[in-house]
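See below for the structure under consideration.
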Amino acid sequence: MSGSKSWFFLFLLFLASNSLLSYSKLPWGAKLAVGLLGILFPFLLALRFLPTPQTNGRFQKEFLPSFPAWVWALPVAVLGAAGVRFFGLNSFPGFPLYDEAVNGFYAMDLAEHWNWRFFQSATQLPPLFNWALALGFKAFGPSLAAMRLLSALISTACAFLSYAASRNFFAKGFSFWLFLFVSLGFWPVLAGRFAHQGLLMLLWEWVGLWLLGWLRRASTPKSRWAFLVLLGLCVGSGFYTYFSWILVALFIGGACWKILEPVKKPRKAVGMGVFVLTAVLTALPLGIAAVQTGFGGYLWGLFALNPQAQNGGAAEWPLSALENVGAVFWMGWKGYFSYGPAWGGLLNPVTGGFFFTGLLALFRHRRHPAAGPMGWAVLIGFVPILFSGMFNVFHLVHLVPLVYGVVVLGFLQLAESLPKGKVKLLLGGLLMLSMGLDGMNLHYTSLDIDTVNPAQKPAVDVKAWEILRGIAEKEGPGLFFSSFNVDPSRPPFLEVACAAFDGLYNPRIPEGKCAWAALIENVNYQPCLSRQFPGGRFFWLSKDHPPSDGGMMLWVHPLEPAPAQAFDKWKQAAWALVPFQEDNVMKNDGAGGRILLADLDRAYPAFQGDPLLESFYWEKVSDIRFQSLLLASYFKTTGRRLSEMPSGRLFPGEVPQPEWKAPIENLLSALDKGCPAANLYFHLGVLYSLAGEKAQARRAFEGALRSPLDFTDSRRFLARLSPVDDLK
């Protein structure tokens with residue numbers, strides 16, 4: 001078989017194998033056989049027997065007709081690169097995901113109270129993205145649309161920079177196809193839909209590659225030093241974007257060394273010294289903060305060989321590595337974050353076929369000076385997925401330029417192997433098929449993300465947001481006291497989702513324009529609320545699947561003149577909880593509980609005297625102390641962190657009886673100073689049961705049954721007095 005036919009045959013084999021692995025329901029054994037026989041073995045045979053080309057024209061060969069650039073750039077740029085990124089900013093995803101909620105919360109706070117804290121949240125996220133997001137909120141006001149607008153702008157800039165960076169190394173044809181794939185490919189388009197730090201790192205990477213090209217083209221020592229300084233600034237500031245930047249920094253540093261090879265040794269050493277010194281000085285403040293704050297705990301928790309890693313540690317590492325590699329090309333990330341495809345992989349079968357073909361072409365064209373760096377960069381760039389026990393699309397986003405560069409190389413290699421009369425028709429059909437598959441993947445992924453996932457978007461939060469959004473569209477903005485229900489185990493989803501119409505925390509909404517007040521709390525507080533504020537509307541958010549304490553409700557009341565004054569005390573209490581909210585997101589498994597309790601203690605005067613606020617306050621204090629006991633119990637029994645604990649798992653035998661005293665007394669204060677709601681009695685009965693005090697537990701459950709409203713499971717728990725196994 002000729003070399004040209006071999007390339008075409010291999011691509012068809014890769015295409016068919018990728019399709020089976022992505023979309024078929026074959027058992028694992030059959031899929032493993034398809035991967036071995038349809039991809040791995042043919043790839044290795046091709047490495048051995050395909051002839052090595054005598055020239056390296058593939059990287060520089062023009063593959064475009066000679067018409068003005070704007071003829072193709074304008075429609076692709078407007079309809080592709082920008083259109084798919086700006087369309088429906090609030091519709092996909094419709095509700096903030098975990099990292100988006102954290103990022104939006106910090107940005108809202110920074111927009112009003114700026115600080116120079118470098119690491120944010122318990123995951124120790126670098127600050128640059130949230131700084132940019134805060135400036136956007138300052139300019140346009142906090143909202144989901146403003147969050148997604150920043151991401152869309154960054155993603156669009158990445159698409160255009162892909163062409164500019166590629167032109168500094170490759171021909172116009174290669175650069176155009178790279179621009180096309182990056183503009184319309186599922187992976188970069190999906191990444192551009194989320195307000196996440198990894199997207200900013202990708203922008204920095206394209207800038208670094210663009211500057212590398214200018215360094216390569218520099219013709220004078222003066223211009224060379226200038227680009228080395230700019231590259232040093234880019235590499236140093238890149239550490240402020242996202243964790244994976246270290247791999248990009250190493251690649252750019254190695255590429256600088258390679259580009260400076262023709263320069264005489266003394267000047268080469270000076271040039272590299274200028275680059276490294278600039279990068280180090282730029283990153284130095286972040287490095288000092290990393291040492292001071294003990295950076296690295298979260299990353300260690302992601303490491304697959306960590307004995308406490310979520311994937312089972314070193315014993316299950318080979319399987320997790322195989323699953324992560326498969327997720328890139330075929331499977332998506334099922335059971336982890338929602339930042340991944342629901343239908344197939346990050347590369348569809350067509351682009352996956354181009355990728356494997358491109359890897360072969362990269363090896364066959366290894367004499368080209370760009371081939372070696374590209375190949376090594378791809379291999380090194382895949383390291384995170386091999387050693388990550390908790391993986392999502394942004395952990396690998398640094399590979400987008402290199403992966404799509406290899407995809408283009410495979411695409412052009414296939415074009416060269418086809419008969420001249422059929423090349424346009426066949427390649428055009430493949431491109432249409434690829435875009436159709438990516439469009440279907442985006443469709444199914446949007447449905448998957450917008451389906452309530454308790455780990456990402458609690459059902460009650462989604463329902464409350466949908467109801468409040470509808471009310472705001474009809475009646476205007478309002479005051480949403482979401483902070484009264486801040487849960488130490490829950491990210492600030494609602495605070496961010498409702499920011500655009502929440503006059504309590506959004507400074508752009510005048511308080512006089514607010515038409516309603518809303519609260520999300522336990523459903524059993526209805527009688528207390530009705531007594532104090534008659535005429536409110538109630539929505540039982542947990543009605544379909546109520547937990548043992550009855551679950552949550554949304555309460556909405558019009559802000560007429562008389563009730564508006566009554567809410568002044570609530571406003572003071574909500575604002576007093578701002579430090580609590582901030583530390584709730586910043587908390588860690590060690591001192592988090594103590595920090596939150598100190599915040600609440602300082603906020604108590606704002607709650608004191610109001611029966612409802614007293615109940616909310618003491619119930620929250622009790623809950624934090626209870627979760628601290630969960631932490632102590634779980635850590636003592638397993639040696640693992642609270643973040644790794646299965647929801648609701650309790651080891652009561654490891655908690656001494658006296659330690660239940662504090663949360664029990666807090667609930668007694670909630671009942672004595674506040675409203676006798678059934679949920680307070682129910683939780684009190686649970687704590688008494690765990691402490692082994694069955695007589696007191698019985699009286700508490702009976703108190704719930706006598707309450708004005710009881711949606712709890714107190715009757716069932718009273719019959720058994722063994723609620724440990726039912727904790728949810």
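What's counted below: heavy atoms across the whole structure, side chains too, no hydrogens, waters or symmetry copies. This structure is a prediction, so every number in the text was calculated from the model and none was measured.
- Between the side chain of Arg167 and the main chain of Phe170, a donor-acceptor pair closer than 3.5 Å is present.
- A donor-acceptor contact closer than 3.5 angstrom links the side chains of Arg217 and Asn168.
- Every residue two or more places apart in sequence or in another chain was checked for a side chain to side chain donor-acceptor pair (under 3.5 Å) with Ser19, and none qualifies.
- Evaluation of the side chain to side chain donor-acceptor pair (under 3.5 Å) test over residues 346-363, restricted to residues two or more places apart or in two chains, returns Asn348-Thr351, Asn348-Ser434, Asn348-Asp438.
- Here the two rings, on Phe169 and Phe174, have centers that are 6.0 Å apart or farther.
- Using a 30° and 60° split on the angle between ring planes, Trp187 and Tyr404 fall in the tilted class, from 30° to 60°.
- Counting heavy atoms from C-beta on, the side chains of Trp7 and Leu360 come closer than 4.5 Å.
- Counted by atom type alone, Ser22 and Asn18 present zero donor-acceptor pairs between their side chains at under 3.5 Å.
- Remark: Thr282 engages no residue in a side chain to side chain donor-acceptor pair (under 3.5 Å) (not counting sequence neighbours).
- Between His196 and Tyr242, the distance separating the two ring centers is shorter than 6.0 angstrom.
- Proximity of a side-chain donor or acceptor of Ser155 to a complementary backbone N or O of Ala152 within less than 3.5 Å is not detected.
- From Phe275, atom CZ reaches atom CG of Leu215 across 9.5 Å, with rounding to the nearest 0.5 Å.
- Side-chain N/O atoms of Thr156 and Arg85 include no donor and acceptor closer than 3.5 Å.
- Note: His443 NE2 to Trp343 CH2 = 10.5 Å, rounded to the nearest 0.5 Å.
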